[in-house]
S.K.: 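For reference, the structure I am asking about is given below.
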Amino acid sequence: MNTVGIVASVLLGAVFVVAGASKLAAGEQWRTDARNLGAPDVAAVAVPWIELVIGAVLIVQLWVPWPAVAAALVLVAFSALLAVRMRDGDRPSCACFGQWSASPIGPAHLARNAAFLTLAALATFA
């Protein structure tokens with residue numbers, strides 16, 4: 001077992017659990033923020049649950065490395081959406097962590113996702 005990979009997996013899992021739970025706690029505000037970002041309604045409903053499942057599986061180390069791969073794919077999709085919105089000059093609220101992250105999207109959000117992608121890469125070796 002790779003200690004660095006396990007720590008990365010648990011940290012990334014905690015991030016995903018907090019993100020999913022905070023979106024669920026935000027309720028309708030999360031769905032409004034997701035729509036403002038350009039996400040379809042079905043994604044606004046599904047994303048928090050997907051994040052919770054991926055996060056939980058990362059934390060308990062099941063099916064390594066697949067949860068880390070899933071987390072990386074989700075992070076790439078989120079980053080692509082943010083990049084497109086920024087390219088178009090739109091700066092809606094990120095809401096990546098529900099009401100905890102109400103700031104307009106910007107380069108710092110992409111940098112944060114890059115750091116999370118690094119954790120995902122390390123977690124593939126857990």
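Numbers here are sequence positions counted from 1.
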S.K.: In terms of hydrophobic clusters joined by side-chain contacts under 4.5 Å, are V74 and V76 together?
M.R.: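 Yes, V74 connects to V76 through the hydrophobic network.
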S.K.: Take L82 and L37 through the test side chain to side chain contact (heavy atoms under 4.5 Å, CB included) and record every step on the way to the result.
M.R.: CA-CA 8 Å; L82 295 177; L37 277 167; 4.0 Å; yes
S.K.: Can you see which heavy atom on A19 is nearest to which on C96, and at what distance?
M.R.: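 Looking at all heavy atoms of both residues, the closest pair is CB-O, 3.6 Å.
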S.K.: Distance check, rounded to the nearest 0.5 Å: I105 atom CD1 versus L81 atom CG?
M.R.: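 I105 CD1 to L81 CG: 7.0 Å, rounded to 0.5 Å.
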S.K.: Using the rule that two of Ile, Leu, Val, Met, Phe, Trp, Tyr join whenever any of their side-chain heavy atoms come within less than 4.5 Å, decide whether V47 and V53 are in one cluster.
M.R.: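 No, because V47 and V53 fall into different hydrophobic clusters, even though each may have its own neighbours under 4.5 Å.
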S.K.: Please answer whether the main-chain N or O of C94 pairs with a side-chain N or O of S101 as donor and acceptor at a distance below 3.5 Å.
M.R.: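 Side chain of S101 to backbone of C94: no pair is present.
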S.K.: With hydrophobic residues grouped by side-chain heavy-atom distances under 4.5 Å, do L11 and F97 end up in a single group?
M.R.: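 Looking at the clustering, F97 is in the same group as L11.
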S.K.: Does the pair V10 and L58 meet the rule for a side chain to side chain contact (heavy atoms under 4.5 Å, CB included), with working shown?
M.R.: CA-CA 6 Å; V10 171; L58 280 165; over 6 Å; no
S.K.: Applying the 4.5 Å side-chain criterion to the ILVMFWY set and letting contacts propagate, would V64 and V57 be lumped into a single cluster?
M.R.: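 No; V57 is not reachable from V64 via cluster members.
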S.K.: Judged by atom type as modelled, is there a donor-acceptor pair below 3.5 Å linking the side chain of W30 to the main-chain atoms of A25?
M.R.: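 Between the backbone of A25 and the side chain of W30 there is no qualifying donor-acceptor contact (under 3.5 Å).
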S.K.: Specify the closest pair of heavy atoms between R31 and V45, including all atoms of both residues, with the distance to one decimal.
M.R.: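 In this case the closest contact between R31 and V45 is CD-CG2, 4.2 Å.
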S.K.: Would you mind reporting whether L24 and W49 have side-chain heavy atoms less than 4.5 Å apart?
M.R.: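 Touching, per the 4.5 Å side-chain cut-off.
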S.K.: How many angstroms lie between CG in L12 and CD1 in I54, if you round to the nearest 0.5 Å?
M.R.: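 Reported to 0.5 Å precision, the distance equals 9.0 Å.
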S.K.: With sequence neighbours left out, write down each residue that passes side chain to side chain donor-acceptor pair (under 3.5 Å) with D41, or none if nothing qualifies.
M.R.: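 Checked D41 against side chain to side chain donor-acceptor pair (under 3.5 Å); matches are R35.
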S.K.: How close do A26 and G98 get, heavy atom to heavy atom, and via which atoms?
M.R.: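 For A26 and G98, the tightest heavy-atom pair comes out as CB-CA, 4.3 Å.
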S.K.: Please find the pair of heavy atoms, one from K23 and one from P48, that lie closest to each other, and give the distance.
M.R.: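 Nearest heavy atoms, K23 then P48: CB-CG, 3.7 Å.
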S.K.: Is there a path of hydrophobic side-chain contacts, each under 4.5 Å between heavy atoms of I, L, V, M, F, W or Y residues, that connects I59 with L52?
M.R.: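 Cluster IDs for I59 and L52 match.
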S.K.: Return the minimal non-hydrogen interatomic distance between G55 and F16, and the atom names on each side.
M.R.: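 So the two residues come closest at CA-CB, 3.7 Å.
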S.K.: For P104, does its backbone N or O pair with a side-chain atom of R91 as donor and acceptor, under 3.5 Å?
M.R.: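 No; zero donor-acceptor contacts below 3.5 Å.
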S.K.: What donor-acceptor contacts under 3.5 angstrom involve side-chain atoms of residues 109-123, with partners at least two apart or in another chain?
M.R.:
residue	atom	partner	partner atom	Å
H109	ND1	G106	N	3.0
N113	ND2	S79	OG	3.1
T118	OG1	A114	O	3.1

